Enquirer: 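Mind having a look at this structure? Questions to follow.
Keep in mind that what you see is a predicted model, and the values were worked out from it rather than measured. We're numbering straight along the sequence, starting at 1.
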Amino acid sequence: MSEENTPREPGPVRTARADGITTVTLDAPHRRNALSARLMRALYTALEEAREDPDTRAVLLTHTGNTFCAGADLSEAGAQQGPTEAPLALARLLRTVVEFPKPVVARVTGHVRAGGTGLLAACDISVAGPGATFAFTEARIGVAPAVISMPVLPRVDPRAAARYYLTGERFGPREAARIGLVTLAAEDPPGTGDDAPRDADGGGPRGREAVDAALAPVLDGLRRGSPQGLRESKRLAAREVLAAFDRDTGTLADLSARLFASAEAREGMTAFLERRDPEWAVRQASAR
């Protein structure tokens with residue numbers, strides 16, 4: 001019996017296989033697909049199965065809900081056994097994607113925040129739909145984009161990285177493509193725009209159609225590649241990113257652990273969960 005298009009049992013990650021592509025779907029929309037320990041374990045399992053499947057030429061990483069990935073699961077902060085356990089676990093996951101012997105393509109139709117941008121940057125190719133937004137929000141909770149810098153900084157324009165790391169501003173798919181965070185920005189079809197209806201999966205049906213249309217030639221090209229050719233070509237393209245992991249993993253994991261343990265970060269995370277401004281935020285005086 002064929003296993004193509006057979007979904008996994010309910011969980012934070014689902015997989016399906018068809019036409020040489022294994023689709024891995026982050027499926028914890030109620031938690032904004034945050035990188036919980038459970039989701040990360042399920043993602044490892046899905047990737048390992050795709051690695052061992054001789055018919056899989058590439059992995060398509062996508063999501064349900066209006067968020068591709070919100071980054072760290074702040075509800076688990078402090079639950080690890082050691083201070084560097086969480087950042088090292090994130091580093092291992094990101095490196096697994098970068099080193100994966102088959103191309104990993106991201107399909108983004110929703111929001112990407114903080115550590116989610118690291119998962120996105122670890123992918124080899126990415127297409128973002130008109131409903132996608134991006135932000136490096138770490139400084140707004142008292143930390144820094146430490147571990148995720150290893151896949152992000154080799155790919156992103158340095159001036160843009162400085163701006164968005166420091167300000168936490170949101171930006172859209174065109175800007176993400178301009179600065180190198182994503183490969184392609186899929187446009188709204190003619191006759192649609194900012195007033196077009198969006199839905200819970202981000203971007204609305206026409207936006208998703210635009211993403212899939214942009215992905216079609218990419219996936220077709222990957223299907224035409226040999227396993228060896230794809231593996232070695234990916235290794236060449238990812239060389240600088242892997243060098244960053246070799247050089248910086250320990251230092252950046254230590255930095256992340258120190259920042260998350262600080263009083264400023266505790267206040268920032270508490271404020272975020274309570275949906276208020278942190279006490280250290282400067283409030284602009286109202287105009288007179």
Side-chain angles (χ1 to χ4, degrees), residues 32-33 58 60-63 66-71 94 97-98 103-140 144-196 198 201-204 206-222 233-234 236-244:
R32 300 174 68 220
N33 292 318
L60 180 65
L61 182 63
T62 187
H63 62 100
N66 63 8
T67 302
F68 172 75
C69 180
L94 300 182
V97 175
V98 175
V104 180
V105 180
R107 176 187 180 274
V108 181
T109 61
H111 310 304
V112 189
R113 297 289 183 270
T117 60
L119 181 59
L120 177 66
C123 297
D124 303 289
I125 301 170
S126 51
V127 177
T133 68
F134 308 83
F136 297 94
T137 53
E138 287 87 349
R140 295 192 179 190
V147 168
I148 68 168
S149 288
M150 291 184 284
V152 170
L153 292 182
R155 303 197 192 276
V156 170
D157 174 80
R159 284 295 192 183
R163 173 182 176 176
Y164 293 120
Y165 270 28
L166 294 171
T167 67
E169 294 171 271
R170 287 190 303 172
F171 52 97
R174 288 187 186 181
E175 177 70 352
R178 185 191 72 80
I179 69 175
L181 183 60
V182 302
T183 310
L184 294 170
E187 301 291 342
D188 267 316
T192 64
D194 291 340
D195 295 330
R198 312 286 183 191
D201 285 329
R206 289 186 176 179
R208 292 196 301 277
E209 289 174 6
V211 173
D212 291 336
L215 277 169
V218 173
L219 298 179
D220 183 60
L222 295 175
S233 296
K234 170 170 178 166
L236 290 170
R239 181 183 300 173
E240 290 187 18
V241 179
L242 285 174

Enquirer: Which pair of non-hydrogen atoms, one from Arg239 and one from Leu236, has the smallest distance, and what is that distance?
Expert: NH2-CD2, 3.0 Å

Enquirer: Carefully, step by step, assess Glu187 and Arg174 under the rule salt bridge (charged side-chain N to carboxylate O under 4.0 Å, His left out).
Expert: CA-CA 9 Å; Glu187 301 291 342; Arg174 288 187 186 181; 3.1 Å; yes

Enquirer: Report yes if the side chains of Arg107 and Asp212 come closer than 4.5 Å at any heavy-atom pair, otherwise no.
Expert: yes

Enquirer: Determine the minimum heavy-atom distance between Gly118 and Val152, stating which atoms define it.
Expert: CA-CG2, 4.2 Å

Enquirer: Pair up each side-chain donor or acceptor in residues 213-221 with any protein partner under 3.5 Å, not counting sequence neighbours, and list the distances.
Expert:
residue	atom	partner	partner atom	Å
Asp220	OD2	Arg224	NE	2.9
Asp220	OD2	Arg224	NH2	3.4

Enquirer: Could you grab the distance from atom CG of Leu119 to atom CD1 of Ile148, nearest 0.5 Å is fine?
Expert: 10.5 Å

Enquirer: About how many Å separate CG of Leu222 and NZ of Lys234, when rounded to the nearest 0.5 Å?
Expert: 10.5 Å

Enquirer: Going through the checks in order, is the side chain to side chain contact (heavy atoms under 4.5 Å, CB included) test met by Val182 and Val108?
Expert: CA-CA 9 Å; Val182 302; Val108 181; 5.8 Å; no

Enquirer: Determine whether Val98 and Met150 make a side-chain contact, defined as any pair of heavy atoms from C-beta on separated by less than 4.5 Å.
Expert: no

Enquirer: Counting only heavy atoms not in Glu169, do more than 12 fall under 6.0 Å of its CD?
Expert: yes

Enquirer: How many angstroms lie between atom CZ of Arg155 and atom CG of Leu120, to the nearest 0.5 angstrom?
Expert: 9.5 Å

Enquirer: Drop me the distance from Leu153's CG to Tyr165's OH, to the nearest 0.5 angstrom.
Expert: 4.0 Å

Enquirer: Enumerate donor-acceptor pairs with a distance under 3.5 Å from any side-chain N or O in residues 126-136 to protein atoms, sequence neighbours excluded.
Expert:
residue	atom	partner	partner atom	Å
Ser126	OG	Thr183	N	3.2
Thr133	OG1	His111	ND1	2.7
Thr133	OG1	Arg113	NH1	3.1
Thr133	OG1	Arg113	NH2	3.0

Enquirer: Looking at every heavy atom in both Phe68 and Gly116, which two are closest together, and how far apart are they?
Expert: CE2-O, 4.1 Å

Enquirer: Under 3.5 Å, is there a donor-acceptor pair between the side chain of Asp124 and the main chain of Val104?
Expert: yes

Enquirer: Could you tell me if the side chain of Leu61 sits less than 4.5 Å from the side chain of Cys123, heavy atoms only?
Expert: yes

Enquirer: Under a 4.5 Å cut-off applied to non-hydrogen side-chain atoms, are Thr109 and His63 in contact?
Expert: yes

Enquirer: Does the pair Val156 and Tyr164 meet the rule for a side chain to side chain contact (heavy atoms under 4.5 Å, CB included), with working shown?
Expert: CA-CA 11 Å; Val156 170; Tyr164 293 120; over 6 Å; no

Enquirer: Minimum heavy-atom separation for Thr137 and Ala114, please, with both atom names.
Expert: OG1-CB, 3.6 Å

